[in-house]
Amino acid sequence: QVQVVESGGGLVQAGGSLRLSCTASELTFSNYAMAWFRQAPGKEREFVAAISGRGWTTYYSDSAKGRFTISRDNVKSTVSLQMSSLKPEDTAVYYCAVARDRVATTTETDYNHWGQGTQVTVSS
């Protein structure tokens, strides 16, 4: 059974940085694209960033572009999200997700294994 576990969330001041990490087990990690989504209170879950299985292709939401960087280490079966210049509107629960195949997409339904989420709170 695939297990997805996020870590690295916390409280940070506006303008600060935070790095989220995610590990996925019981799968051949490089065969699957990975992504980060987030859900703010009272809002629907939204796409943040995605990376293809080999790490050659990345996608970002408009809000993440230029501030967040997604990366992966296929030896350690981890994916990370480096977040900088954080804003209060980045406050959300951040979820790591495993895609159905190696192709990265921005579509939530293309991801079928999810972590429990990690809280990121940005204070003003």
With a 3.5 Å distance limit and no angle check, can you tell me whether [X] reaches the backbone of [Y] through a side-chain donor-acceptor pair?
X: Glu6; Y: Gln116; value: yes
X: Ser52; Y: Val103; value: no
X: Glu46; Y: Arg38; value: no
X: Arg72; Y: Gly55; value: no

Does the side chain of [X] reach to within under 4.5 Å of the side chain of [Y], using non-hydrogen atoms?
X: Val79; Y: Trp36; answer: yes
X: Ser71; Y: Gln82; answer: no
X: Leu86; Y: Phe68; answer: yes
X: Tyr94; Y: Met83; answer: yes

Exercise. Just by distance, with hydrogens left out, do Ser63 and Ser61 show a side-chain donor and acceptor under 3.5 Å apart?
Worked result: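 There is such a pair (donor and acceptor under 3.5 Å, judged by atom type) between the side chains of Ser63 and Ser61.
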Which pair of non-hydrogen atoms, one from [X] and one from [Y], has the smallest distance, and what is that distance?
X: Trp114; Y: Asn112; value: CD1-C, 4.1 Å
X: Thr69; Y: Tyr60; value: CA-OH, 3.4 Å
X: Ala24; Y: Met34; value: CB-CE, 4.4 Å
X: Thr57; Y: Ala104; value: O-CB, 4.5 Å

Problem set entry | Lys/Arg-Asp/Glu bridge criterion (N-O < 4.0 Å) met for Lys87, Asp90 |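 Looking at Lys87 and Asp90, the cut-off is not met.
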Exercise. Do Tyr111 and Phe37 have ring centres separated by under 6.0 Å?
Worked result: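 Yes, the ring of Tyr111 comes within the 6.0 Å limit of the ring of Phe37, centre to centre.
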